[in-house]
Structures are given as C-alpha cells and as structure tokens.
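Comments concern the structure below.
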Amino acid sequence: MNEIVYLDNAATTSLDPVVLEAMLPFLTNYYGNPSSSYSIGRKSKTAIEASRKKVADLLGVKSTSIYFTSGGTESNNTAIATAVKTLGCTHIITSAIEHHAVLHTVEHYCADKNITCSFVKLNEYGEVDYNDLELQLNSQTKAGIKCLVSLMHANNEIGTLLDLKQAGEICNRYGAIFHSDCVQTIGHYPLQLAEYGVHFASASGHKFHGPKGTGILYVSAGTKITPLIHGGGQERKVRAGTENVHGMIGFAKALELAHENYLADQIYINTLNKAMRDGLLQLSPEISFNNNDNALYTVLSVNFPGNMETDLLLAMLDQAGICASGGSACSSGDDHGSHVMHALGKKQSGATIRFSFSKLTRMGDIDIAITTLAGILKYPLSLA
Ligand code: PLP
C-alpha cells in the first residue's frame, strides 16, 4: 500500500507515541481495578487522580470540576441532559451548525413538549450574532423561562470561532446556563476555562493525538451535574462503570504535550494551512474557501467549482491515498451533504472538501495533495 497522506485531522488524529508510552503500563502491569483496595488497584486510582489534576491544572480549573467521559459526544449529552433535567432549563438556544452530538441531543429533549429550542442568527461564516443571542435571552428571561445556551467554540467543518468570553458574559447577564462544545479547540489553544463564564465545556482526546473513546466534561464550581450512566460510584457518582484508566492517562498526557508545544505547533500548522490555500489558488483562482480570516488554524474548507460532486472527488482522492472529508453543499435539503453548508446557504455546484492538519502533517503531504488535485480536476500545474 502506498503511504497515506492524512489530511483529516479534525476527524481524528494519530496517537502520539509518547502518549502510548504513558498508557502502556496501565494496559499491562498495572491492571488493577481502581475501586479495589489492594496495591495495584490503588496504583490505578492514584494514576487517575494525578491525570485529573494534570488536566485541571492545564485548563486553569479545580480537579473537582473535571469528569472523565468516553468523548465529546457523551460530554455534550451529559451537559445538555443536566441543564434540562436538573438545572431547570426549559428553553435551549443553540446554532444550526453545531455538531450532531449537540443538535441531535437538543432535538431529543425538545421532543418533550415542555422544552423548546431556537437557533441564534449566524452570518455567512457561521459567526454568532451576539445581539440576537442577547435579544433571545432577554425575551425568554422576561417570560420567566430559564435558558441553556449551547454554542460550539470552533466549528469542525469551517473552523469558525466563538468569542467564549463575550458569549459567557451575555449568558451570565441573563442567568442562563452556558455549555460550549470545545472538542475542536481544547488541545489546540491553551484555554483557561474558569475565565469565560462557561458552566460546561466538552473535550475529546482523539482530536489532539490522545486515544479515541476519551474525553472530559468541565463543570464549573457550584454547578450541579446529573449522571447519564447509572451504576457504581465512579467519577464521584456522575459516570458509572469501571474507569478507562489507560484512556484517562492518555488524555492527560496528550493535553500536556499539546500545551507544552502549543505555540510552535500552531505556527507550523498555520504554515501548512497557508501553503495549501496558496497552492490551490495557483491551480485556479476560482477555487474558494469557507473559512474566515480568524478561523481555527487546523482546518481549511475548500470549494472546487465545476461539476464533480464531493463524494466522487473524495473517492478519487482516497484512491490516490489522500484522506480528507466532505462538507459538501447540500442541494436538496435532505440528509445528504453537510448540514453546516446547508445552514449557511452555501449551495453552489461542485465539491466542498475539508482538509485538516496536525503537527505530524508534512509539507510534502500538501504538495502531493495539490499535485493530485491538479491531475483529478485537470488543472494545469504551475507550481514553483
Ligand atoms: N463535537 C465536535 C465539534 C466534534 O468535531 C466531534 C467529533 O467529530 C464531536 C463533538 C464528537 O466527539 P467524540 O468523537 O469524542 O464523541
């Protein structure tokens, strides 16, 4: 098999070998159940609590605010379930471009006739209209309705960023509960979660070179939390089930590495992103981008004009060993295509592909992708 050119790091990243090394002893020698009182059990328990403290310190919060979960989906579900079932929220304000882990969960709770939801206005890049958020909160609060606001920190398809602080200030002014899906940003920015007024924030380990099936939910001090999974007393009775010890250790190690190297990695990944953008524009000035200037630096969402559909272009890239993903303009309004493109009214013909980069992407990968795209789309190559 030819070497893979992996440009889909917003979907998942490869496990950092240093993270694997930290995890391995807990998959081999230290297999004790953390709830057991003998030595190898205690060893597992101590490692979990050390990992929790590491994560909490890196995110600028207390250990008691960090719950380990199976990933972003579970964290989002737990936050929304808590707001609705325990915190008295009967109206949910979210956006049409959230990940399905939020949108489908909101839909699930809004099937209950006592819970309503609304979408905040977005501009063409998916940026939140803060005036509209405030207007909506104002009218709900005046009617005596308590709100949950669930807005993602960065969109996973086009990278649009939310101003967490501004959104948090508005939510707090109206006594709303504020949840942010930070799956694409925790591990990519040195976030200090206590500073933004968020009650809940979700993260996922596999987005920053940690293991799959690992995540955290941050819960601000004094905010109650309701279990989604019932059973034993693990995770302070919030998340039952024998702990994924090696996963928790991997999550913490990956976050530590991400914070240690954040600046250098960001500069490097920005260079890759710019090289891809410039290279594509050299192929054709008609190629356009869905990201705004201030977007998450790991993603580049590209529109290729012409008749080739997203799925076909992705399949041809796959045949050439290039991994990327769709984000195609939805022309029919059905389930086919990207709900993000559809919500933002980007319904042009041609393919929309998301390329996403990591610290392990090589500049040579970008060159191969551009040369391959030139061949598939029959653009003349005029690379320097
Ligand atoms: N939220 C966002 C923005 C994501 O990009 C993803 C993963 O693609 C998720 C949530 C789900 O995270 P997980 O795969 O850890 O369940």
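When reading the values below, keep in mind they use all heavy atoms of this one structure, side chains included, and skip hydrogens, waters and symmetry mates.
In the displayed structure, Glu260 atom CD is contacted under 6.0 Å by more than 12 heavy atoms of other residues, nucleotides or ligands. Heavy atoms from other residues, nucleotides or ligands lying under 6.0 Å from NZ of Lys121 number 12 at most. Around OH of Tyr31, the count of heavy atoms belonging to other residues, nucleotides or ligands within 6.0 Å does not exceed 12. For Asn114, the CG atom counts as densely surrounded, since its 6.0 Å shell holds more than 12 non-hydrogen atoms of other residues, nucleotides or ligands.
Of the possible donor and acceptor atoms, one in the side chain of Ser44 sits under 3.5 Å from a partner among the backbone N and O of Gly32. Proximity of a side-chain donor or acceptor of Thr13 to a complementary backbone N or O of Asn9 within less than 3.5 Å is not detected. The main-chain N or O of Met341 is found under 3.5 Å from a side-chain atom of Ser338 such that the two form a donor-acceptor pair. At least one donor-acceptor pair under 3.5 Å links the side chain of Tyr268 to the backbone N or O of Thr361. No donor-acceptor pair under 3.5 Å is formed between the side chain of Ser204 and the backbone N or O of Gly71. Listed for the Asn155 side chain is a donor-acceptor partner under 3.5 Å among the backbone atoms of Ile97. Side chain of Ser65 to main chain of Val219: a donor-acceptor pair is present (N/O by atom type, distance under 3.5 Å, no hydrogens or angles). Between the Gln192 side chain and the Leu58 main chain, a donor and an acceptor come within less than 3.5 Å of each other. Remark: side-chain polar atoms of Glu74 are paired, donor with acceptor, to backbone N or O of Ser70 under 3.5 angstrom. With hydrogens and angles ignored, the 3.5 Å screen pairs no side-chain donor or acceptor of Arg52 with any backbone N or O of Ala47.
Nearest heavy atom pair, residue Ser95 against residue Glu98, reads OG-OE2, 2.8 Å. Between Phe178 and Leu164, the closest heavy-atom pair is CE2-O, 3.7 Å.
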- Given side chain to side chain contact (heavy atoms under 4.5 Å, CB included), test Leu191 with Thr185 step by step and report yes or no. CA-CA 8 Å; Leu191 297 189; Thr185 52; 3.8 Å; yes
- Task: Give the C-alpha distance, both sets of side-chain angles, the deciding distance and a yes or no for salt bridge (charged side-chain N to carboxylate O under 4.0 Å, His left out) between Glu21 and Lys253.
- Result: CA-CA 10 Å; Glu21 207 179 304; Lys253 187 69 195 176; over 6 Å; no
- Message: Before you tell me yes or no, could you show the steps for Asp16 and Lys359 under salt bridge (charged side-chain N to carboxylate O under 4.0 Å, His left out), namely the whole-Å CA-CA distance, both residues' side-chain angles and the distance that decides it to 0.1 Å?
- Response: CA-CA 10 Å; Asp16 190 315; Lys359 63 181 181 182; 2.8 Å; yes
- Going through the distances and angles, do Thr94 and Val102 end up as a side chain to side chain contact (heavy atoms under 4.5 Å, CB included)? CA-CA 9 Å; Thr94 187; Val102 164; 3.8 Å; yes
- Go through the steps to decide whether Tyr67 and Ile225 satisfy the test side chain to side chain contact (heavy atoms under 4.5 Å, CB included), and finish with yes or no. CA-CA 10 Å; Tyr67 294 90; Ile225 171 161; 3.8 Å; yes
- Task: Take Arg42 and Glu49, measure what salt bridge (charged side-chain N to carboxylate O under 4.0 Å, His left out) needs, and give me the verdict at the end.
- Result: CA-CA 11 Å; Arg42 292 198 306 274; Glu49 293 316 318; over 6 Å; no
- Task: Determine, step by step, whether Tyr379 and Ile287 satisfy the side chain to side chain contact (heavy atoms under 4.5 Å, CB included) criterion, reporting the C-alpha distance in whole Å, the side-chain angles of both residues, the deciding distance to 0.1 Å, and the verdict.
- Result: CA-CA 11 Å; Tyr379 290 127; Ile287 290 176; 4.0 Å; yes
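Between Glu243 and Met248 there is a side-chain heavy-atom pair separated by less than 4.5 Å. Residues Leu193 and Ile186 meet the side-chain proximity criterion, which asks for heavy atoms closer than 4.5 Å. No side-chain heavy atom of Tyr174 sits under 4.5 Å from any side-chain heavy atom of Val149. Considering only heavy atoms from C-beta on, Ile269 stays 4.5 Å or farther from Gln266 through its side chain. A heavy-atom distance below 4.5 Å is found between the side chains of Leu15 and Pro211.
Separation of atoms CD1 (Ile93) and SG (Cys117) is listed at 10.0 Å; rounding is to 0.5 Å. Here CG of Leu373 is found 11.5 Å from OG of Ser284. Values are rounded to the nearest 0.5 Å.
Residues in residues 108-148 take part in no ring-ring contact (aromatic ring centres under 6.0 Å, His included) pair, two or more places apart or across chains. Judged as a salt bridge (charged side-chain N to carboxylate O under 4.0 Å, His left out), the pairs with a partner in residues 158-178 (not counting sequence neighbours) are, in order, Glu134-Arg173. Pairs engaging residues 195-246 under the ring-ring contact (aromatic ring centres under 6.0 Å, His included) rule: Phe208-Phe251 [sequence neighbours left out].
A donor and an acceptor atom, one from each side chain of Asp129 and Asn123, are nowhere located under 3.5 Å apart. Thr86 and Thr226 share a side-chain donor-acceptor pair at under 3.5 Å.
Residues Ile267 and Leu161 do not share a hydrophobic cluster, defined by chaining ILVMFWY side chains whose heavy atoms lie under 4.5 Å apart.
The aromatic ring centres of Tyr189 and Tyr297 sit less than 6.0 Å apart.
Salt bridge status for Lys346 with Glu157: absent, with no side-chain N to carboxylate O gap under 4.0 Å. Arg354 has a carboxylate O that lies under 4.0 Å from a charged side-chain N of Asp8, or vice versa, which qualifies the two as a salt bridge. Between Lys54 and Asp57 there is no salt bridge, since no side-chain nitrogen of the basic residue lies less than 4.0 Å from a carboxylate oxygen of the acidic one.
Relative to the six-membered ring of Phe289, Arg277 meets both conditions, a distance below 6.0 Å and an angle of at most 45° to the axis.
In summary, of the residues considered (Asp278, Asn270, Thr271), a side-chain hydrogen bond (donor to acceptor under 3.5 Å, both in side chains) with Lys274 occurs for Asp278 alone. With respect to Thr82, the side-chain contact (heavy atoms from CB on, under 4.5 Å) criterion is satisfied by exactly one of Ile80, Val84, Thr78: Thr78.
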